[in-house]
Every structure is written in C-alpha cells, then in structure tokens.
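Notes follow once the structure below has been shown.
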Amino acid sequence: MFDGDRSLSQFLITILTVPQFANHPAVVDLLANIGNIICTLSRHQNLYNPLIGWAKDAISAECAREVRELAKVENGSHFSAVHAKAEQIEGFKIDDMALQIAGEAPMLWALLDSLLSARALQVTKIESKGHTEIGVLVSDAQEAEDSEYWAQVDDLEGVIEGITGDCISRAEHLASQRSATMMLRKVVIVSLLKKSTNQKANSLSSILGIFLHSTHAPEKVIETMAKMGLSISVDAIHDTVRSLSAESSHALQYLGQTLLAAYAYDNFDINLKSTIPTAEKSTDSLKHLTSGLLFPLQHGVTRDDLKCSYELWRKSRINPLNDCSIGRTWKDLLSLHQDVSHSSGLSRRDQFNSWKFLHDLCHHGPPYFAQFQSQISAPQVLEQIPVAKTPIIPASAMDVNNSTVAGNIQAIERLMAQGGVFDPAEVEDGESPDVTEYVVLVHGDLGTGERIASMQQRRSIETTPWRRFQHIVFVPGLFHLKMAAADAIWRALIQPMSARQDQTSLMHNIAQLRPHETGIFGSKPGFRMMHQLIGHDGICRRLDCWRIEVEKMNNAHKTLDDFAILKPSLEELKEIANRLAREYIATYRLTRVRRQPDQRRDKQYENNLLINKYFLLYEELSYAMNIGDIAHVETCIIAWTLIFKATGKHKYATCMTEFLINLHFNYPAGLQKAIRYHWLVNPTGKPECFRAVDWCVELNNLFIKVKNGGTGSNCSVVRVILESPLVEVYRNAHSVIETNFMHTGRTSLQAAPDMKKTFEGLLMKMRSSSPHIHTPGRQSTYLVPDLLDKGHELFEKGWKGIGTEDDGTIVDEVEHPTTEDVVGEL
C-alpha cells in the first residue's frame, strides 16, 4: 500500500477516500485512534495553528448551517407583529426551545455549553496538570461566589420536593439551578444568532418586548434592548398591540354571537394631568370611562334556556299591557332552602357557626388543637356551582360616562356591539344574531342596576324589543353586596357615638387591634379595613367564648392552654362548639330578655351576643361565596336584606329582595339556572376560588388604570382604550417571563401578618372586660339593635331604619371599592 513514491499525506488521503480500502485493517485502526492522533498533532508546535484554523472553519460552517435551519419558519420561531396571537405568548416555553435547539443543532449547543462553562474547564485543566492546590482555591472561590448568586434563583427543585416528597442535597440543588440557568443563557444566545440570520425569527425578542411594554419600561430602554437583539422595536411593539387588540375583538364577537355570553361593566376614572391647559385640553383632567367583560355561560346552559324575552315582558310591571296585579313579597323568600332537621338539633346556620368556632380554635388557639385542622368536616353544601375555569375576556374600554341613564344606554349598546350583537332592524340578515326572543345577562353594581331599571322604564313604550331593552336582565354584583354588609355593620356598631363608650364595645377592641386607626374607623374606614376588623375581632371573640365555656366545665381551666393539657378529642371539641353556637350568639330569646327589669339584665352582654351574630353572618356570606355554594349564598342574602333595611340601606334591601323574587318565582327554570350558576365565576378553576363577577370587573379596572394605561405623557384615553382588552394578555406575559426566567417572589401579595401577639393582647383585654359573661345590672350607653327583627318590622310597615336623616331622606350610597378593597379579596 505504501511505497517510497508516495508521501505520507498522499497515502492517508488515498486510503481514506478510495472506497475499496474502507474496511481495510489499517483504515479501521486509524479511525479508531483518530482522537489520539489529532490530539498528538495539536501538540506539535508547527501543526497547532493550522489544525485550530481548520477546526474553526469546520465548526463555523456546521454551526452556521444549524443556525440557518433553526431560523426557518417551519421551526416555529417566527413572530409577526402584525399577525400576533395571544396563544403565541401563552404557549412560549424556554424548555421547548432548548429541546428543539439541542436536537437540531447539537454542534452549536455543545459549543455554547463549553463556552459558558469555561471557568469550570479551566479548573479541570489545572487539576489535570497536578496543580491541585490552585485548583482547589479557584474552585472554593467560585463556590463562594456562586452560592451567593444561586441563592437569588428560584428554588425549582423545592417545588419538585414539595410534590414528590423527595429530598435532595444542597449540591444537587445547586447543580440543578446551574443547569437550568445555563440552558436559559444558551437559548438566549441562539435566539440572537437566529435573529441575526433571519429578522423574522424573533419569538424570544417579541415576548420580551411585549413584557417590557406592559411594565412601562421607558422607550429608550426598549430601543437599547432592540439594538442588542433582545427586544423588538417600539414600532413593532405598537403593531403587536394593535394586532392583539384586533384578535381580542374577534374573540369577543365570536363569543357574543353565540348568545351564550354574560356581560358586565362598570365605570372607572383616570386623571390625565396636563401641565399647561389649552383650548383642546381643559383643566378638567378627570376622565370617566367604562370598562366591560364578557364570559361564556357554562354548566349546561343552552340558548333555549335564554329564549324567554317575550315571557318576561308579558309579566313585567313596566309593560303597559300587563294586567297582572298579584305579586310576591319578601315573605315568600323565607320559604327558600328551608332547614331540615339535624341530629345535633342545630339549625343550618347554627351548624355553620359551630364549625366556625371549631375552625378558629384549631387555627388560632393553642398549638395542640392544630392537629385537628385537616380533620374538621366542612359545613354542609346546599347547592354547589360546578368547579370549572371561567374564561373571562376583557372588552375595549369605552369613552362613556355611565353615571347617567343615557350613559348606560350607550355603554350597553357599545358593549353588545363588541359582542357582535346589534339592533335587528339595522343590520342585514345573517350579519348579527337576532336577540329579539332571547335575554342577555348583565352584571353590575347597585347604581348600574338602578340606571338600567330607569332606562327600561323610560323605553317601555317603544314598539320593538330592542328599543325597549327587553333583552336585558340585570344581575346585582355580590362583591358590592359584601361591601354593603360590611358598611351595615359599621353603621350599627361603630357610627353612633354612644356605641363607642363601653369597655366591651367594638371601638374599644379597635383601639387594641389598630390603635393608630381609631379615627379612620370612626369616620369612614372603607371595605378592606372593615373586612379585616370583622375577621380579626371575630376570631378573638370566639376564642374568648371557648375560654369561658371550658372554665365553666372545670374551674381549673383558666386558659385554653390549661384546657389543652387534657388533650381533648375532636368529638369532645365538636360537642363544646355546638354549645357555643347555641349560647353565645343572639337568638329569638333575646327579645324576651330585653323585656326584663334592668337589674336582671346585662346590656353589654346582650350587645356582644348580637355582635357575634352579625360577625358570623358576614363570615357565612364570605364562606358561601368563596366555595360557590349558591343556595347558601341566597339564604345569607335573605338575612342581610333585613339588616340592610334596618340600617337604612333601603336601596340594597329593595334591589336584592326584588331580584330574588324574580329569580325564584318569575323567571323560567332555564334562566334561573343560568343566573344562579353564573352569579359567581371561577377565574382559576380551583375549588374555593369563586369570585363575584363585579369583583372581576373591579380587578380589570385596576389593571387598566394602574398597570396598562401608561405613565406620564404616554397615559392617554386612546392608549387606555387600545390596550384595555389586553389585560389578560399582559398578565400572561408576566407569568410566562416569571416562569421561564425563574423569577423569585412571583406574587404581588404580602404574607399574612403574624397576629399572635395582637390577638393575645385583645384576649387579655376581653378577659378583664368580660363581654361574654352575664353580669346582672351591667348598663350600657348604647343598645345594639336586633337588626333582623327591626328589618322584619320595617318590611311589614314600610318604615325607614336607623340610617335615615331627621328630614326623612334616606342615607344610602352605592359603595365604590378602592384598589385596597379589590386586592383584599385576593
């Protein structure tokens, strides 16, 4: 094979290129040892540079080929700004990109792996030469630096450990985090290479651009990132926003034209401050806009269930041709969801109260009782709304002030137009579904309901169903109802000056719980503060009842810690909780007690039994709403309408009473189901995560005003309207970035405060003031009214309640939630 006429190089080229030598032993041996041969050649002083040059050209060519393949449209890395889809943002995953790159560009992936691990390779090289001490020093320094860095990275393995129960070492944990971050960096580098090869291969930079835009990053920052290839340009981002808004509009029309969509809307204000007022821009910088939401009707509701427009119009009181004079009254509501006998002898409400007493003991009492937390059975469910995720689609904000009847007419017409539903008389056949025979559910607050009622009253003489707004069925929002409940408690227990004097009064407890905010609570605390007060003060009250009851059982049990030493069983605790529900909450017997002579009465004790009752009614309403027990919610509303009537909130009392009467006695079964099963929605699809529809609207307003409306000169009505449908898109973009880039602290919510010492202070005060121990002859400067009895009386006689002014005008306002109120419900 080899003779003197040929050089060694010619010989090697020949045997490696001629097919007949492919299986020759010499060729096989050469190929088997090619690594050692190349390594030996690289060590030769005259061959190293040529060999490295050849390797560079070969690797460059292969990597360039791999990048060109990755940049092709069929590999899914193209993102068109003018044809952007929300699904492209929601489905973005760094892991998928990494798998694709590693599979289709193995050379490039391995090269990046080596380059990004250069320091580790250097340490290995030093150690291989025998310099172990230097290697250890470098390794230790790197470990110290890395430990500080990796502590900032999200604990991915901690999630796995929590799910599987597997325990991993710190070294494995750090190695996993390093691997994940190295993978992320490699994907970013490859994305830059793809974009340099093909400008349309810009999926990562597009996602980052949308994310930066949604966080109000300055344009100079975005443009800088765009020059680096890490973002698309500001103009491209604006194209993307317009494309996503158009896509959202199509989704709204598709849903609305099924006629199986519910609508919700509310007003919101933005303050567009101008430095120098002009003729075009007046000094009035406060703009009143209207936002809206659409969501599908689920749980088996069909169009036939909503085909009852003419039936409802025939029964309507505003129908001039309606000759039906017999109607239902609030008394008919008392027959809804009637109690059934229970082995404990407790009513359904008492059973909830017993559960709440036990729940508070196990969650806030001595540590011994915490073992029973998972063993406590939840209260009986009357009628559960099926747990299913409710897709909520934001509509474009409207430059409409819906504080007037005319504004509500515009808001409804424009919102339904976004849903692709128009006046049948003004569109060609097939362009829009004919809603004449159907009804549409519209959710809103009390003010919205009043204006819709006025609108329908004014239009009742019109000749067509559309002009009469015959298709609109108003559904009052439960979040605003809950706010009204908290306000009713404030009116009855805090607002009167005489109600603040007793040592056992709620205001004295406020001074213990929140000593720096008594002035706020005395004037107008707002929903969130009242919600927290009812929860915290109620817990302490129920724990105080536990202490008194166990001391009655055994005088040696001065505290709950003393009682815990006996290690009572769960069954024993349930029996005590049942007694607490019977004896420490005001019942019908209170009326007889209050007729007794003053020397036998304890007026402060009576007051606190009523306070316990109102707090537990509020807790029951909150619990029923959260779990989606719609029948339980209705039983709570019936009780709260009486309280609203007694505290002067006559509009709420009337609105909720009329609505429940219509719902259960006037609406057909299909419509009744559609309303009741969509009075609450579940945006997450998780158990115990139901939310009121009007709360979702308020949350949408929060995102529009605070996060998506721009800042400074970029904040304008035009931008707010353009980007208002993209609330969910931006939230998804944030979630995608946080997940893929392993952000830590992925929540805007603060951890629950540690109330242990605060509760201990209030419990010590209660022990000295004895609000739950009957002391004959104890007087009070204020008698807490029995609001349920008072409400019964007022419904019977039509009188006004304790919230009226001297001239007879009703003190009744629609509650307007603040940002804190909305966040407080999260």
Side-chain angles (χ1 to χ4, degrees), residues 349-365 369 373 376 379 482-494 499 502-514 517 521 525-549 560 576-577 579-587 604-626 636 639-640 643 752-767 769-773 784 787-788 824-825:
R349 181 145 291 142
D350 288 340
Q351 292 173 48
F352 173 83
N353 294 341
S354 175
W355 171 84
K356 186 60 177 171
F357 271 107
L358 186 58
H359 177 275
D360 288 343
L361 176 69
C362 294
H363 285 78
H364 303 284
F369 301 107
Q373 290 179 6
I376 303 175
K482 188 174 175 180
M483 293 176 63
D487 183 64
I489 290 177
W490 177 82
R491 292 188 181 197
L493 304 181
I494 300 177
D502 297 334
Q503 287 294 318
T504 60
S505 66
L506 183 56
M507 181 57 83
H508 275 256
N509 290 357
I510 293 172
Q512 183 72 37
L513 286 170
R514 308 177 82 155
E517 298 174 349
F521 275 100
F527 168 69
R528 187 178 188 183
M529 292 180 67
M530 280 302 300
H531 175 78
Q532 293 172 341
L533 171 65
I534 294 168
H536 295 161
D537 188 67
I539 289 170
C540 293
R541 287 176 175 274
R542 290 183 284 275
L543 291 178
D544 187 58
C545 293
W546 273 101
R547 179 189 61 81
I548 295 170
E549 186 63 23
L560 289 177
I576 301 173
R579 289 203 300 273
L580 296 173
R582 291 190 189 97
E583 299 177 12
Y584 291 87
I585 302 169
T587 64
Q604 294 189 35
Y605 174 75
E606 296 166 9
N607 286 347
N608 283 281
L609 294 186
L610 284 167
I611 293 175
N612 291 344
K613 182 176 185 175
Y614 303 147
F615 280 10
L616 283 166
L617 276 172
Y618 182 86
E619 295 285 359
E620 187 177 0
L621 174 64
S622 298
Y623 175 81
M625 287 174 58
N626 289 340
C636 293
W640 278 105
I643 296 177
D754 184 0
M755 301 295 295
K756 183 178 179 180
K757 290 187 177 180
T758 305
F759 285 174
E760 288 175 353
L762 181 54
L763 288 169
M764 187 176 297
K765 173 193 171 297
M766 288 183 174
R767 186 168 183 174
S769 61
S770 303
H772 300 112
I773 297 178
V784 174
L787 299 176
L788 294 176
E825 282 286 282

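These values consider heavy atoms only, across backbone and side chains, with no hydrogens, waters or symmetry-generated copies. Just so it is clear, the structure is predicted and the values come from calculations on it, not from any experiment.
N607 places a side-chain N or O within 3.5 Å of a backbone atom of V784 that can act as its donor or acceptor partner. Judged by distance alone, the side chain of Q503 and the main-chain N or O of S769 form no donor-acceptor pair under 3.5 Å. No donor-acceptor pair under 3.5 Å is formed between the side chain of D502 and the backbone N or O of T504. Side chain of N353 to main chain of L616: no donor-acceptor pair is present (N/O by atom type, distance under 3.5 Å, no hydrogens or angles). Remark: side-chain polar atoms of S354 are not paired, donor with acceptor, to backbone N or O of D350 under 3.5 angstrom. Judged by distance alone, the side chain of W546 and the main-chain N or O of F357 form a donor-acceptor pair under 3.5 Å. With hydrogens and angles ignored, the 3.5 Å screen pairs no side-chain donor or acceptor of D487 with any backbone N or O of M483.
With ring centers used as reference points, F369 lies 6.0 Å or more from H364. Aromatic ring centroids of H772 and Y605 lie 6.0 Å or more apart.
Looking at every heavy atom in both residues, E620 comes nearest to C636 through CG-SG, 3.5 Å. Shown here for M530 and P525, the closest heavy-atom pair between the two residues is CG-CG, 3.6 Å. F521 and W490 make their closest contact through O-NE1, 2.7 Å (heavy atoms, listed as atom of the first residue, atom of the second, distance). Here the shortest heavy-atom pairing between R349 and A639 reads NH1-CB, 4.0 Å. Here the closest heavy-atom approach between residue I510 and residue I494 is recorded as CD1-CD1, 3.7 Å. When every heavy atom of H359 is checked against every heavy atom of I376, the shortest pair comes out as CA-CD1, 4.1 Å.
Considering only heavy atoms from C-beta on, K482 comes within 4.5 Å of S622 through its side chain. Side-chain contact between N612 and C545 is present, with at least one heavy-atom pair separated by less than 4.5 Å. No side-chain heavy atom of W640 sits under 4.5 Å from any side-chain heavy atom of L787. Contact annotation: the side chain of K613 approaches that of L788 to within less than 4.5 Å [non-hydrogen atoms, C-beta and beyond].
Taking CD from Q604 and CD1 from I773, the interatomic distance works out to 12.5 Å, rounded to the nearest 0.5 Å. In this structure, CG on L533 lies 10.0 Å from CD on E517, to the nearest 0.5 angstrom. Note that CZ of R579 is 5.0 Å distant from CD of E549, once rounded to the nearest 0.5 Å. Rounded to the nearest 0.5 angstrom, T758 OG1 and L513 CG are separated by 7.0 Å. Here the straight-line distance linking atom CG of L617 with atom CD1 of I643 works out to 5.0 Å at 0.5 Å rounding. Put simply, CZ on R542 and CG on D537 are 9.0 Å apart, with the number rounded to the nearest 0.5 Å.
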Given N509 and C540, is the side chain to side chain contact (heavy atoms under 4.5 Å, CB included) satisfied, shown in steps? CA-CA 10 Å; N509 290 357; C540 293; over 6 Å; no
Could you give me the CA-CA distance, side-chain angles and deciding distance for H508 and Q512, then say whether side chain to side chain contact (heavy atoms under 4.5 Å, CB included) is met? CA-CA 7 Å; H508 275 256; Q512 183 72 37; over 6 Å; no
Give the C-alpha distance, both sets of side-chain angles, the deciding distance and a yes or no for ring pair (Phe, Tyr, Trp, His ring centres under 6.0 Å) between Y623 and W355. CA-CA 12 Å; Y623 175 81; W355 171 84; 5.0 Å; yes
Evaluate the criterion side chain to side chain contact (heavy atoms under 4.5 Å, CB included) for residue pair K356 and D360; output intermediate values, then yes/no. CA-CA 6 Å; K356 186 60 177 171; D360 288 343; 3.5 Å; yes
Hey, mind stepping through Y614 and I534 against side chain to side chain contact (heavy atoms under 4.5 Å, CB included) and telling me if it holds? CA-CA 9 Å; Y614 303 147; I534 294 168; over 6 Å; no
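Salt bridge absent: R541 and D544 never bring a charged side-chain N and a carboxylate O closer than 4.0 Å.
Ring geometry for F527 against Y618 counts as tilted: the plane angle lies between 30° and 60°, on a 0 to 90° scale.
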